Amino acid sequence: QMQPVESGGGLVQAGGSLRLSCAASGRTFSKFTVGWFRQTPGKERDFVAAMRWHDANTFYEDSVKGRFTISRDNTKSTVYLQMNSLKPEDTAVYYCAVTGLLTQVTAATTYDYWGQGTQVTVSS
């Protein structure tokens, strides 16, 4: 059973950086796509970034391009989301999600497994 586990959230000032981690509990991310989504109260879960494990192809939501980077550590079966130049509007609960599909990776409905979420708060 796949269970992604996030860590690394916290409080940071605008312009600062945070790195989120997503580890696979129970198995590895091999042959999966790993995505990051975020959600604020009363809103839907929005796509942030994704990486297809088999070819390391990456995808980003437009507002985070150039500021966020998704990467992986093969030996640890961990995916990272490096977030730089953070803005108050980046404040949200961030979720790691995993799917066996390789297409439509920006859609939350594509993903089968979800982590518990980690809070990121950016103060102005």
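By convention here, the first residue in the shown sequence is residue 1. Bear in mind that the values here come from a model prediction, so they are computed numbers and not experimental data.
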The remaining residues in the hydrophobic cluster of L101, counting side-chain heavy-atom contacts under 4.5 Å among Ile, Leu, Val, Met, Phe, Trp and Tyr, are none

By ring pair (Phe, Tyr, Trp, His ring centres under 6.0 Å), F37 pairs with (sequence neighbours left out) F47, Y111, W114

Least distance between heavy atoms, V93 atom then G117 atom:
CG1-CA, 3.9 Å

So disulfide (SG to SG under 2.5 Å) across residues 70-124, not counting sequence neighbours, yields C22-C96

Can you tell me how far OG1 of T121 sits from CD of Q13, rounded to the nearest 0.5 angstrom?
13.0 Å

Main-chain N/O of P88 paired to T91 side chain as donor or acceptor, under 3.5 Å:
yes

So which atom in L102 and which in T33 form the shortest heavy-atom distance, rounded to 0.1 Å?
CD2-OG1, 3.7 Å

Give a yes or no on whether the backbone of K76 and the side-chain of T78 come within a donor-acceptor separation of less than 3.5 Å.
yes

Of all heavy-atom pairs linking S25 and V5, the shortest is CB-CG2, 4.1 Å

Quick check: does any side chain N or O of Q116 sit under 3.5 Å from a backbone N or O of E6, one acting as donor and the other as acceptor?
yes

Check whether more than 12 heavy atoms from other residues, nucleotides or ligands sit under 6.0 Å from atom CD of Q104, and answer yes or no.
no

Distance to the ring centre below 6.0 angstrom and angle to the axis at most 45 degrees; does that hold for R72 and Y80?
no

Selection residues 9-31 - residue pairs positive for salt bridge (charged side-chain N to carboxylate O under 4.0 Å, His left out), sequence neighbours left out:
none

Check: T110 main-chain N/O paired with T99 side-chain donor or acceptor under 3.5 Å:
yes

Heavy-atom closest pair (Q82 atom, S17 atom, distance to 0.1 Å) is NE2-CB, 3.9 Å

Shortest non-hydrogen pair, T75 vs D73, comes out as OG1-OD1, 2.5 Å

Connected hydrophobic set around V64, excluding itself, where side chains approach under 4.5 Å:
M2, V12, L18, L20, F29, F32, V34, W36, V48, M51, W53, Y60, F68, I70, V79, L81, M83, L86, Y94, V98, Y113, V120, V122

Could you grab the distance from atom CG of N74 to atom OG1 of T28, nearest 0.5 Å is fine?
9.5 Å

Once salt bridge (charged side-chain N to carboxylate O under 4.0 Å, His left out) is applied, what residue pairs with a partner in residues 90-104 remain, sequence neighbours excluded?
R38-D90, R67-D90

K43 backbone acceptor or donor facing Q39 side chain under 3.5 Å
yes

